Structure formats: C-alpha cells, structure tokens
Amino acid sequence: MKKKFALVDCNNFYASCERIFNPKLENKPVVVLSNNDGCVIARSNEAKALGIKMGTPAFQIKNIIEKNNVNVFSSNYALYGDISQRVMNSLSKFAPKIEVYSIDEAFLDFSGITDDIFKDYGYVIRKKIKQWTGIPVSVGIAHTKTLAKIANHIAKKNPKYNGVFDMTEFSDIDEILKNFPVDDIWGVGRKYSKLLMSKNIKTALDLKNTDDKWARKNMTVMGQRTVFELRNIPCFSINTIPADKKNILVSRSFGKPLTSYADIEQALTTHITRIGEKLRKQKSCAQAVTVFIMTNSFAKTPQYFNAKTIQLPVATNNTPELIHYSVIALRMIFRKGYSYKKTGVIATDIIPENAIQTNFWDKVDRKKYNDLMKTLDKINFSLGRDKVKYAIQGTKKRWKLRQEKLSPCYTTRWNDLLKIDMDKK
DNA sequence: TCTGGGGTCCTAGGACCC
DNA sequence: TCTGGGGTCCTAGGACCC
C-alpha cells in the first residue's frame, strides 16, 4: 500500500496564539516580534495584506503600524510553547504515528487509514483543532513528505480549498507542480534556488524532471532525495521519537549595548543555567563548551567577534562546573573597549548521562552535584525560572531583553489567568 | 535608539594508519 | 623520469529547516 502523509501546519501560529485569549484581535492586523522586539516573525493575514514582510525590522515599519493600528506583540514563548503542546496532543488523536516537526507543524502518518473513512478527514482535523485549541490549521496530504509540504502550501494559499488539499486524489500531479515555484519547495533554499533558476529549473515540475544524478552532484544526496520525493517516491519517513540534541545553544542579544565585563558575565552565566537545565532534561552531558561574544554588526562602531571552545575534563551537566569553564573562556576572549551586542554558549559533543568516562584524577563529587541540581530544578520548575540562582548571575540584569509588548502567560502562570467579570454585560 | 534564536545534515579535505 | 592503494576519523564550512 502506498504511504500517505499529512502535514498539519498552524496558520500564522504566534499571531493566532495571541488571539486565543484576546478576541478583540479577530480580523485585525497582528504582528509578533522576535526577541528584543527586533524583527517581525509572525503576521496575521490582515498584517500580510498591509505588505508587512517576514523578518522586517520593527523600526522600519513604524509608519505602517501606526497608520493601520497594527497590534504588536513581543514574543511570548511560554504561551506559544504551551499552546503548541495542546495542538500536538490533539493531533495525536488522529493518526497512529505523528512527528512533531516544529513548534507549529506536525507530520501525520495516514498510511493505514482506509479510504472510506479518509474522505474529509482533513476537514475533521481542522475543525476539531480549532474547537479544542482555538488555533486554525491547514492540512496538506500526499504520498511523500515533500509533496505534503507542497499540498499544505496550496491549502493555505487558496481560499477555495478551505484549508485542506489532498494531492492523493490526483492521478497526475504534474498540473499542480507546474504552477509551484521551485524556491518554495522544502529543501530548496536561497543558494539552491539561484542555481536552479540559472539552469532554467523554475517550477516543482521542472525539478521533478531534472536528472537526479545532476541533483546529487550539485545539491548533495539531500537534493536527490527531494527530486525522488517529487516523483512520489518516499525518501523521508515519519520520525516519531525526537532525537536527543547533539548541540545545545543559548544566546540572546542584549536589550542595549554593553561594555562592562561584569554585565556580560551575568548574561552568559544565565544562559549557561539554561544549558544545564536542557542537558539534564534530556539526560545528557556535554564534553565541551563554546563561548562567543560579538559586537553589533549593523552598527558603525568598531567590530569584534571571538569564540573559545573548552574541552571539559569530564563530561558534565552540572551548572556550577559549566559556569566555571565558560567563565574561563569568556575571560580569554573579552576585550575592553568594545560595545557588545550578544553573547552565547554552545554545549557540544553531547553524550548520554550514563556513558560518561570519569577519570582517575576527577575530584568533583558528582553524586552531590547531581542531587543539588535535581533539587534546584525542582524548585525552579515549580516556583518559576531562576527563583534560586547563582550569585555570579547578578541581580541587576542590565543585559535584559526588550519586551515592551509582552502579552500575559495566560496558560502557564497563575497570576496571568484570564479573569472574567460576571456582572459586566 | 531599533536588525532573533534556535537546530540538522552533508561534504571536502587533512591527518593518520597499514 | 619514476613517487601505491587502500582505509578511518575528525573538522570546518556550507547548505538547509523552523
């Protein structure tokens, strides 16, 4: 039996999340900004209609925002993450296998679902997800993941399909692919699309008919797989268990430029506590950490970027130890006299907790640290992030993000629960 | 004033081995 | 003039994704 995949994608996800608890935003333009209120990263349809492009710096569209009363929000990842979980939980009721592909997308395996109940299944999903979570979704169905992505695109772009497009209903998909731009294909980015254009490969149909040896040579094995998938030959399967992360990065731009070492150290060590939490959550340890600092590359001030990797004597996920080595790295790369914009830390060479090689000279009492970390994680998880923190993180938080338009954490913070006035008419 | 923050996979080429 | 023929492992960098 032929494989069958559905890609379910939340429409304008972050903007839709903001709308759930704030119905006044319905039919109004809504945009959500990146960290530090920098760029536009989500737009409602009304905002798209105003010509606001993805990734535009907020300050460049100030006029459009003011003139059209666009509702602007800082990103609220606590809210989006929680809503995402609800959507994914709901979706898992509709298919035996589901792959959560990103915060707002999931592949569903429809392979085993018989045709008689399959009809209109996409519409059922759409209706139920909206009803259960308040989030509008689009559904694309096809015999390969790449084609399901295309089907989803079509479902979203053409109102006549009402949010669902099933490519498996067509015996000949060439007519569909003929009208699909090559640069919108999953796996074709900026560089490849430029290359393809120069070879007169402009549509999905052109790419489907490309010599796959050529694709292999010029776009690696990944490109060759894309070509096969366009031919209805599945090369990618559903991945139900998310793999452990091989690298974990935490970095943030500062709310304002910083020059003092102490401020940057406070930011960096706070990022490291996040790294420690993430490592412990997936029961892994890092064998190395890389620390970097950088100035603002958009500014006309003197530029500096540097990074330093430190191999840890014993793989670890305990925060004090990670802090210890990261601070050593930071001291090595910090230079006075620059105006810094961002710092970050990457944990690499990550291995499972139970595969650690200790060494003979290791003097760290690992059992004690593990117990301490467990206790701290428990406290901070139930009472709020950084309720108990390390002295080196400081209290001033001069590096903190700009988040001027943050919505309440309606679903994850007691104090932010929606209140309803029953007397009010 | 103001420009995000995460990830993955693949390949080429060098070091090194027998 | 002539200078083998395999391997493996690691890393940096480039492509992609959301």
Side-chain angles (χ1 to χ4, degrees), chain A residues 7-10 12-14 31-42 52-63 65 72-77 80-81 84 99-107 145-146 149 152-153 182-196 215-226 229 235-236 239 242-258 267 271 274-275 278 282 287-288 290 292 294-301 307 309 311 339 341-350 401-405:
Chain A
L7 176 68
V8 181
D9 188 310
C10 302
N12 316 326
F13 183 54
Y14 298 166
V31 301
V32 177
L33 304 180
S34 59
N35 273 332
N36 260 323
D37 296 345
C39 300
V40 173
I41 52 167
I52 298 174
K53 298 266 183 299
M54 188 73 170
T56 314
F59 70 92
Q60 282 177 9
I61 51 163
K62 226 173 136 195
N63 285 340
I65 289 175
V72 180
F73 292 93
S74 308
S75 2
N76 183 345
Y77 288 103
Y80 311 151
S84 171
E99 171 182 344
V100 177
Y101 179 67
S102 75
I103 193 164
D104 70 335
E105 276 176 73
F107 286 102
K145 282 173 134 182
T146 304
K149 275 273 201 182
N152 185 284
H153 217 92
V182 77
D183 52 323
D184 282 345
I185 297 171
W186 190 42
V188 177
R190 273 221 318 278
K191 281 280 165 69
Y192 286 162
S193 104
K194 211 170 147 194
L195 170 73
L196 292 168
R216 159 90 216 205
K217 188 154 174 269
N218 293 281
M219 301 165 70
T220 81
V221 66
M222 298 301 278
Q224 189 179 22
R225 285 180 189 147
T226 300
E229 287 238 319
C235 297
F236 304 114
N239 202 349
D244 284 346
K245 300 269 180 279
K246 294 171 182 167
N247 301 293
I248 296 177
L249 178 150
V250 175
S251 74
R252 295 283 180 280
S253 297
F254 310 133
K256 57 181 184 215
L258 295 178
H271 300 342
R274 296 289 91 73
I275 294 255
K278 289 179 182 200
Q282 74 166 35
Q287 299 183 94
T290 302
F292 66 86
M294 60 197 290
T295 51
N296 181 0
S297 56
F298 292 98
K300 295 205 165 57
T301 47
T309 301
Q311 299 292 328
S339 191
K341 181 63 185 169
K342 185 176 184 175
T343 185
V345 58
I346 314 165
T348 53
D349 296 351
I350 291 175
L401 294 178
R402 216 173 40 232
Q403 288 184 310
E404 286 168 6
K405 319 264 189 186

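Keep in mind the model is a prediction, meaning the values are calculated, not measured. So that the names make sense, note that chain A is the first sequence line, chain B the second, and so on, each numbered from 1.
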Nearest to the side chain of [X], heavy atoms from C-beta on, is which of [options]?
X         : options                 : value
Ile41(A)  : dG5(B), dG4(B), dC2(B)  : dG4(B)
Tyr77(A)  : dG6(B), dG4(B), dC18(C) : dG4(B)
Lys245(A) : dC17(C), dC2(B), dG7(B) : dG7(B)

Task: Dot-bracket summary - DNA chain C, pairs being Watson-Crick or G-U whose distances fall under 3.5 Å, with | when paired to another strand - done: ....||||||||||||||

Within less than 4.0 Å of OP1 or OP2 of [N], is there a side-chain N or O belonging to [X]?
X         : N      : result
Ser251(A) : dG6(B) : yes
Lys256(A) : dC2(B) : no
Lys341(A) : dT3(B) : yes
Ser253(A) : dG5(B) : yes
Arg274(A) : dG6(B) : no

Open item on the list: Please enumerate all residues that pass side-chain contact (heavy atoms from CB on, under 4.5 Å) together with Phe59(A), with sequence neighbours excluded.
Closed with: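 With sequence neighbours excluded, Phe59(A) shows a side-chain contact (heavy atoms from CB on, under 4.5 Å) to Pro57(A), given in chain and number order.
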
Check the distance between [N]'s [atom2] and [X]'s [atom1] and give it to me in whole angstrom.
X         : N      : atom1 : atom2 : value
Lys62(A)  : dT3(B) : NZ    : P     : 14 Å
Gln282(A) : dG7(B) : CD    : C1'   : 12 Å
Asp104(A) : dG6(B) : CG    : C1'   : 14 Å
Ile346(A) : dG5(B) : CD1   : P     : 13 Å
Phe298(A) : dT1(B) : CZ    : C1'   : 15 Å
Leu401(A) : dG4(B) : CG    : P     : 12 Å
Met294(A) : dG4(B) : CE    : C1'   : 11 Å
Asn296(A) : dC2(B) : CG    : P     : 7 Å

Open item on the list: What's the gap between dT3(B) and dC18(C) when it is taken at their P atoms, as a whole Å value?
Closed with: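 Approximately 25 Å lies between the P atom of dT3(B) and that of dC18(C).
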
Open item on the list: For Tyr14(A) and Ile248(A), find the nucleotide of DNA chain B closest to each by heavy atoms; which residue's nucleotide sits nearer the 5' end?
Closed with: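 In this pair, the answer is Tyr14(A).
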
TODO: Would you kindly compare Arg216(A) and Arg252(A) by the position of their nearest DNA chain B nucleotide and give the one closer to the 5′ end?
DONE: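 Nearer the 5' end of the strand: Arg252(A).
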
Task: B/S/- contact track for nucleotides 8-16 of chain C, protein heavy atom under 4.0 Å - done: -------SS

Under 4.0 Å, counting only non-hydrogen atoms across every strand here, what does [X] touch: a base, just sugar-phosphate, or nothing?
X         : value
Asn35(A)  : sugar-phosphate
Asp37(A)  : nothing
Lys342(A) : sugar-phosphate
Ile103(A) : nothing

Set of ring pair (Phe, Tyr, Trp, His ring centres under 6.0 Å) partners for [X], sequence neighbours left out:
X         : value
Tyr14(A)  : Tyr77(A), Tyr80(A)
Phe107(A) : Tyr101(A), Trp186(A)
Phe254(A) : none

Task: Test side chain to side chain donor-acceptor pair (under 3.5 Å) applied to Gln403(A) - qualifying residues, sequence neighbours left out - done: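 Applying side chain to side chain donor-acceptor pair (under 3.5 Å) to Gln403(A) gives none.
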
Task: Residues in side chain to side chain donor-acceptor pair (under 3.5 Å) contact with Gln287(A), at least two apart in sequence or another chain - done: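 Gln287(A) satisfies side chain to side chain donor-acceptor pair (under 3.5 Å) with no other residue.
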
Open item on the list: Using modelled atom types and a 3.5 Å cut-off, is there a donor and acceptor pairing between side-chain atoms of Asn36(A) and backbone atoms of Ser253(A)?
Closed with: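 Yes, Asn36(A) side chain to Ser253(A) backbone: donor-acceptor pair under 3.5 Å.
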
Open item on the list: I'd like to know if the side chain of Asn152(A) reaches the main chain of Leu7(A), judged simply by a donor and an acceptor atom lying under 3.5 Å from each other, with no hydrogens or angles considered.
Closed with: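 Yes; at least one donor-acceptor contact below 3.5 Å.
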
Open item on the list: I want to check something: taking the side chain as every heavy atom from C-beta on, are Tyr192(A) and Thr220(A) in contact at a cut-off of under 4.5 Å?
Closed with: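 In short, these two side chains touch, coming nearer than 4.5 Å.
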
Open item on the list: Quick check: do Ile350(A) and Lys246(A) have side-chain heavy atoms less than 4.5 Å from each other?
Closed with: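 The answer is no, as the side chains (C-beta and beyond) never meet within the 4.5 Å cut-off.
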
Task: Partner residues of Arg225(A) under the salt bridge (Lys or Arg N to Asp or Glu O under 4.0 Å) criterion, sequence neighbours left out - done: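 Arg225(A) satisfies salt bridge (Lys or Arg N to Asp or Glu O under 4.0 Å) with no residue once adjacent residues are dropped.
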
